[in-house]
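Remember, predicted model here, so these are calculated numbers, not experimental data.
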Amino acid sequence: MSLAKRNDGCSECRVRRVRCDKTEPECLKCRKKGLRCSGQGIECRFSKHMRRKQAAASAISDANASAPSSTTTTSSSSLKSSKVYFWVDSDSGEAKTPITAVDDIPSSRLASLSLEVPPSNVSGGRQEGEKLTKTTPVSPGVYQSLKRLPSPRGALEIVPPRSRMLFDHFSKSIASKMVVLDFNGNGYRQLILPLACQNDLVGQAVSVISAFHLAQKAPSMHMAAERGQQMILSRLRRQSLTLEPNAVFKISTWVTILVLLVGDTITGSNNYVYLLQLLSRLAQLSAHEPSLSDTTKSFQLFGFPLSSESKGVETLTKSPDYYLDFMTSNPSTSNPEHYSNVLLMKDVIRQACRIYHNRASHQATRKSSIEAVEKLHHTVVNLDPECEGSHALVWPFFVASAESILPEHRDFFYNRLKSLFQVTRFGSIPLALQILEYIWTKQDSTNWTEIVTHEKPILIM
């Protein structure tokens with residue numbers, strides 16, 4: 001492998017043999033042609049004959065190697081850089097090495113992997129199938145946050161193999177399900193993964209929730225993930241108790257809490273009650289970071305109603321549209337079919353919010369409840385359960401199912417939730433299905449909103 005500083009423009013202009021204007025993050029000539037510009041910066045060149053031999057010889061040994069220890073973390077004062085590095089899944093058709101493709105790793109090998117933290121001075125890893133580089137710009141708020149991330153210190157260093165595998169799984173199987181429509185500017189991929197390569201706390205959080213998700217294939221990974229999660233929670237609690245409020249807030253702390261909340265949707269853990277409060281507090285301290293506050297809104301909308309009836313009612317006194325910006329900030333909605341589906345899904349969420357508010361505030365009657373659920377059922381009955389973005393309807397489907405009185409309504413939304421589990425593989429959905437059966441047995445005597453906030457708290461989204 002050789003490293004070269006690009007001083008003659010992006011690789012796309014060089015291939016086309018035109019003079020690059022060197023505009024960042026993408027040159028104007030590539031933008032005009034509709035090409036994905038790799039930008040300026042350090043370029044890695046790999047020899048094909050060496051790459052394949054080295055990958056075959058080191059795949060097994062790398063998987064069992066111990067992780068280098070991290071000695072420093074990225075401080076907020078160091079977040080000053082004009083260069084932006086993104087995480088990109090390569091579109092090349094070359095075969096991937098076994099360590100980069102989770103589905104190719106046997107369960108026995110997954111079970112033997114321990115969670116490791118990449119060194120905090122590693123800014124990115126280049127491997128066959130993925131790289132850190134410059135590419136299509138993300139949304140303005142996320143882009144401004146990315147601009148403050150430190151650029152690579154010296155040559156690009158390799159992220160440890162186990163972390164690389166877990167980060168790759170996060171990118172492909174988790175980040176893609178935390179937005180309505182996946183696209184190049186997905187903040188869960190473009191903001192979190194570069195930071196995970198630089199900050200040990202964020203890197204550990206990403207590794208932990210990826211391990212939780214993979215534990216469905218290799219159950220023995222669950223214990224290691226739980227230990228890692230408890231270490232992170234203990235560290236966050238110590239910081240919140242010992243540091244001044246303004247000293248607690250860092251982008252790395254905010255991202256760590258956000259990642260752990262995503263983990264609670266995967267495991268069904270009730271840690272989200274504490275984490276959501278902390279995340280909301282940090283959002284108040286980060287008024288200068290609009291991109292962070294906007295992402296927090298989705299967890300407030302879906303999380304607070306399941307953590308407390310009073311907080312749920314207070315949250316939903318605002319129009320749901322206040323929280324739904326994350327559904328329309330996606331350039332993929334320029335596709336007419338995607339756009340119409342997003343509008344329909346926003347309407348479904350609004351209806352579910354009204355159902356919850358009426359139930360939690362004790363305004364719902366049997367007749368109004370049946371009518372509200374029938375209206376929501378009529379709205380989604382013709383929506384393809386496998387359409388892109390349908391995973392955004394987990395929360396409203398749970399609300400409608402919990403509110404359902406008629407058997408046909410219960411069966412419809414229950415089965416829709418089961419089908420969504422096949423899409424996300426998030427463990428909170430099977431737990432939600434169990435809770436629904438319990439709710440239906442208590443429906444005549446107890447509001448289901450009391451059950452999910454007191455007896456069986458769970459983050460479902």
Side-chain angles (χ1 to χ4, degrees), residues 89 91 103 169 171-189 213 216 262 265-266 268 298-299 301-302 320-321 323-356 370-437 459-461:
D89 295 325
D91 294 328
D103 292 337
H169 184 73
S171 174
K172 294 177 179 176
S173 301
I174 298 176
S176 59
K177 299 301 183 293
M178 293 310 298
V179 294
V180 181
L181 301 173
D182 197 14
F183 65 112
N184 288 335
N186 183 339
Y188 285 93
R189 183 182 298 114
H213 198 254
Q216 297 176 54
V262 174
T265 69
I266 294 173
S298 62
F299 281 94
L301 174 62
F302 298 136
D321 290 333
Y323 302 96
L324 294 178
D325 291 342
F326 70 94
M327 297 188 71
T328 53
S329 60
N330 189 327
S332 296
T333 53
S334 58
N335 180 307
E337 182 180 356
H338 291 167
Y339 182 72
S340 62
N341 284 343
V342 168
L343 289 181
L344 187 148
M345 288 187 280
K346 289 178 70 173
D347 183 40
V348 171
I349 293 174
R350 293 189 195 99
Q351 292 184 42
C353 288
R354 287 193 290 271
I355 290 174
Y356 177 95
I370 293 176
E371 290 176 350
V373 174
E374 174 57 31
K375 181 181 178 182
L376 199 153
H377 169 264
H378 179 73
T379 304
V380 300
V381 67
N382 294 321
L383 180 68
D384 184 356
E386 298 181 0
C387 74
E388 190 171 357
S390 61
H391 54 271
L393 297 179
V394 171
W395 186 84
F397 282 174
F398 174 80
V399 170
S401 189
E403 185 73 12
S404 295
I405 297 173
L406 303 180
E408 55 268 29
H409 289 162
R410 292 180 177 180
D411 291 342
F412 176 82
F413 290 110
Y414 187 93
N415 289 328
R416 281 295 177 100
L417 284 172
K418 286 177 65 176
S419 66
L420 289 180
F421 175 68
Q422 301 304 319
V423 175
T424 67
R425 307 299 297 181
F426 282 14
S428 59
I429 297 180
L431 290 176
L433 295 176
Q434 296 177 17
I435 293 173
L436 284 173
E437 295 178 353
L459 180 59
I460 305 165
M461 59 179 289

Heavy-atom check, side chain of [X] versus side chain of [Y], under 4.5 Å:
X      : Y      : value
Phe421 : Leu433 : no
Phe413 : Leu393 : no
Asn341 : Glu388 : no

Check [X] against [Y] and note the closest heavy-atom contact, atom names and distance.
X      : Y      : answer
His409 : Ile370 : CE1-O, 4.0 Å
Ser173 : Phe426 : O-CE1, 4.4 Å
His391 : Val180 : CE1-O, 3.4 Å
Ile349 : Trp395 : O-CZ3, 4.4 Å
Lys346 : Asp321 : CE-OD1, 4.4 Å
Val373 : Glu403 : CG2-CG, 3.7 Å

Rounded at 0.5 Å granularity, tell me how far [atom1] in [X] sits from [atom2] in [Y].
X      : Y      : atom1 : atom2 : result
Leu420 : Asn415 : CG    : CG    : 11.0 Å
Arg410 : Leu436 : CZ    : CG    : 9.5 Å
Leu344 : Leu383 : CG    : CG    : 5.5 Å
Phe398 : Tyr356 : CZ    : OH    : 10.5 Å
Asp182 : Tyr188 : CG    : OH    : 12.0 Å
Ser176 : Arg189 : OG    : CZ    : 6.5 Å

Notebook entry, point to check: Mind checking whether Phe412 and His377 have parallel, tilted or perpendicular rings, split at 30° and 60°?
Noted result: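 Rings of Phe412 and His377: perpendicular, as their planes differ by over 60°.
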
Margin query: Tell me whether the rings of His213 and His169 are parallel (<30°), tilted (30 to 60°) or perpendicular (>60°).
Written below: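 The rings of His213 and His169 sit tilted, inter-plane angle from 30° to 60°.
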
Notebook entry, point to check: Under 3.5 Å, side chain of Ser404 to main-chain N/O of Ala400, donor-acceptor pair present?
Noted result: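 Checked: pair present.
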
Check: Taking the side chain from Ser428 and the backbone from Ile460, do they hold a donor-acceptor pair closer than 3.5 Å?
Finding: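 No: the side chain of Ser428 does not pair with the backbone of Ile460.
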
Checklist line | Worked verdict on Val380 versus Phe397 for side-chain contact (heavy atoms from CB on, under 4.5 Å) | finding: CA-CA 10 Å; Val380 300; Phe397 282 174; 4.1 Å; yes

Next item on the list: Please say whether more than 12 non-hydrogen atoms of neighbouring residues, nucleotides or ligands are located less than 6.0 Å from CD in Glu386.
Entry: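 Open.
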
Check: Does the pair Val399 and Leu376 meet the rule for a side-chain contact (heavy atoms from CB on, under 4.5 Å), with working shown?
Finding: CA-CA 10 Å; Val399 170; Leu376 199 153; over 6 Å; no

Next item on the list: Test Pro396 against every option in Val348, Thr379, Ile355 by the side chain to side chain contact (heavy atoms under 4.5 Å, CB included) rule and name the one that passes.
Entry: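 With Pro396 as partner, Val348, Thr379, Ile355 yield a single side chain to side chain contact (heavy atoms under 4.5 Å, CB included), made by Val348.
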
